[in-house]
Amino acid sequence: MAAHGTTYIGIDWGASIRRAYVISPQGELVREHEDEEGSQRVTGRFQDALATLLDALEIEHADVIISGMAGSREGWKEVPFLALQHPLRRLGEALVPIDTGLPGVRARIVPGYRYVDPHGAPDIMRGEETHVLGALELGADGGWFLLPGAHSRWVHVNGGRITEFITFMTGELYALLARHGSLATIISSQDSVAEAFANGLRAARQGGLIHAAFCCRAMVLTDMMLSSHAGSYLSGLLIGSELFEIVRKSGDAMSQPVQVIGSTGVMARYLSALELLGIPARAWQPGNTFAAALRTLFDIRG
């Protein structure tokens, strides 16, 4: 437990965005803060970035738990990955202390996980494990957890342990294709068009993503699709390719609801795609899952 007068703070330190959550001694979320001081921006000055955050929150004494990219090789301190055998609810035992250099401020980093699939391909994650832990604490069942973003992660949980996870560069790939190269020249709008998104999702069922992506350009240039629909079509194509890969891998396991943890915008597209495919899903807000995880990591008992 923290000393008297010490504030509990959790930081979800992503590559581009940093989110901080202030927790009461009873484990309630009392304040949230978000800024663009992600790990890529504050490389080499994490200590100063933490000090600036605490000043903004007007907090002097703090017990801080950090998850995400601050524990990566390019972060504040590289923290070794955990093996899948380590239970999620025992993450608190694996926290790695870090010297903040700030009087009255204790900080620890949540390790991520490493997984090697049956074909020898490695995968890694940092940060998502904390949200999955929080969702479990809030009553989520096992099965697949989906955390969409620049790198969309599917995490399978059974008996409180991660059994496997898969990362897709869906969001990053969409950004590259939509802003650079030949597809960027035919995408005239980023507005969401439900019909075009559904068409892209259906096209993904046929496979052949690389060819299908070029067809997106060809359809606009042959007047088979409006340029204002191309962005939504491409989004459906990429998200659909991701989902059909999971369906192919999971088989009957997809009958269990997918636990989707994400911000409103990107989560809405995935929820729409899952609904179109007839896959049940349950939505979780990341602020709630992170706060729930912090109660476990800080060992706050109601």
Side-chain angles (χ1 to χ4, degrees), residues 1-83 86 88-114 124-134 149-151 286-287 289-301:
M1 298 294 290
H4 180 70
T6 297
T7 302
Y8 293 113
I9 302 175
I11 303 177
D12 187 0
W13 214 320
S16 57
I17 301 295
R18 177 179 64 176
R19 297 179 177 89
Y21 304 88
V22 180
I23 304 297
S24 74
Q26 294 74 38
E28 298 175 351
L29 178 61
V30 296
R31 185 174 179 184
E32 297 183 47
H33 172 92
E34 180 178 315
D35 57 39
E36 296 182 354
E37 292 290 275
S39 64
Q40 293 177 345
R41 184 170 180 176
V42 303
T43 299
R45 56 179 186 89
F46 278 90
Q47 178 179 317
D48 291 340
L50 176 59
T52 301
L53 173 63
L54 295 177
D55 286 343
L57 296 173
E58 299 182 331
I59 293 173
E60 184 175 355
H61 301 287
D63 191 355
V64 184
I65 289 179
I66 304 170
S67 77
M69 297 306 292
S72 70
R73 182 167 298 180
E74 298 81 18
W76 193 342
K77 176 180 181 178
E78 184 176 10
V79 175
F81 291 104
L82 295 173
H86 191 100
L88 282 162
R89 288 190 168 93
R90 291 178 57 188
L91 271 177
E93 301 173 12
L95 299 177
V96 176
I98 188 167
D99 182 10
T100 68
L102 304 173
V105 178
R106 175 195 189 194
R108 291 166 290 168
I109 294 179
V110 182
Y113 279 89
R114 177 177 181 267
I124 56 176
M125 68 175 173
R126 293 192 187 274
E128 289 85 0
E129 72 292 321
T130 306
H131 288 282
V132 173
L133 168 62
H151 295 165
T289 55
F290 201 83
L294 290 175
R295 288 192 285 272
T296 297
L297 295 175
F298 280 120
D299 195 23
I300 298 174
R301 308 186 184 201

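- Using a 4.5 Å heavy-atom cutoff, the side chains of Asp12 and His131 are in contact.
- The backbone N or O of Leu57 sits less than 3.5 Å from a side-chain atom of Arg31, completing a donor-acceptor pair.
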* **Worked verdict on Thr7 versus Asp63 for side-chain contact (heavy atoms from CB on, under 4.5 Å)** => CA-CA 6 Å; Thr7 302; Asp63 191 355; over 6 Å; no

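- With values rounded to the nearest 0.5 angstrom, Ile59 atom CD1 is found 10.5 Å from His33 atom NE2.
- Of all non-hydrogen atoms in Ala70 and Ile109, the two that sit nearest each other are O-CD1, 4.0 Å.
- Residue Arg45 comes nearest to Arg41 through the heavy atom pair NH2-O, 3.6 Å, listed as atom of the first residue, atom of the second, then distance.
- Considering all non-hydrogen atoms of both residues, Ala293 and Thr130 come closest at CB-O, 3.1 Å.
- Looking only at distances, no side-chain donor or acceptor of Glu93 sits under 3.5 Å from a matching main-chain atom of Leu91.
- Under the 4.5 Å side-chain criterion, counting only non-hydrogen atoms from C-beta, Glu128 is not in contact with His151.
- Between Leu50 atom CG and Trp13 atom CH2 the span is 5.5 Å, to the nearest 0.5 Å.
- Taking NE2 of His61 as the reference point, atom CG of Leu102 lies at 11.5 Å (rounded to 0.5 Å).
- Residues Phe46 and Ser39 form a side-chain contact, since some pair of their non-hydrogen atoms from C-beta on lies under 4.5 Å apart.
- Taken to the nearest 0.5 Å, the CD1 atom of Ile300 stands 6.5 Å off from the OG atom of Ser24.
- Residue Glu60 qualifies as open at atom CD: its count of foreign heavy atoms under 6.0 Å is 12 or below.
- Closest approach of Gly134 and Ala292 over heavy atoms only: O-CB, 3.5 Å.
- Residues Ile23 and Val30 are not in side-chain contact: their nearest non-hydrogen atoms beyond the backbone lie 4.5 Å or more apart.
- Looking at Glu129 and Ser67, their side chains come closer than 4.5 Å, going by heavy atoms from C-beta outward.
- Side-chain atoms of Ile17 and Glu36, non-hydrogen and from C-beta on, do get closer than 4.5 Å to each other.
- Around CZ of Arg89, the count of heavy atoms belonging to other residues, nucleotides or ligands within 6.0 Å exceeds 12.
- Between the side chain of Arg295 and the backbone N or O of Gly27 there is at least one donor-acceptor pair closer than 3.5 Å.
- In this structure, Tyr113 contributes its side chain and His86 its backbone to a donor-acceptor pair below 3.5 Å.
- Looking at Ile98 and Trp76, their side chains come closer than 4.5 Å, going by heavy atoms from C-beta outward.
- Between the side chain of Arg126 and the main chain of Val79, a donor-acceptor pair closer than 3.5 Å is present.
- If you take CZ on Phe290 and CG on Leu133, they are separated by 10.0 Å, rounding to the nearest 0.5 Å.
- Nearest heavy atom pair, residue Ala94 against residue Leu82, reads CB-CD2, 4.0 Å.
- The shortest distance between side-chain heavy atoms of Gln47 and Asp99 does not fall below 4.5 Å.
- For the pair Thr100 (side chain) and Val105 (backbone), a donor-acceptor distance under 3.5 Å is present.
- Across all non-hydrogen atoms, the minimal contact from Tyr21 to Glu32 is CE2-OE1, 3.5 Å.
- Here CZ of Phe298 is found 4.0 Å from CD1 of Ile65. Values are rounded to the nearest 0.5 Å.
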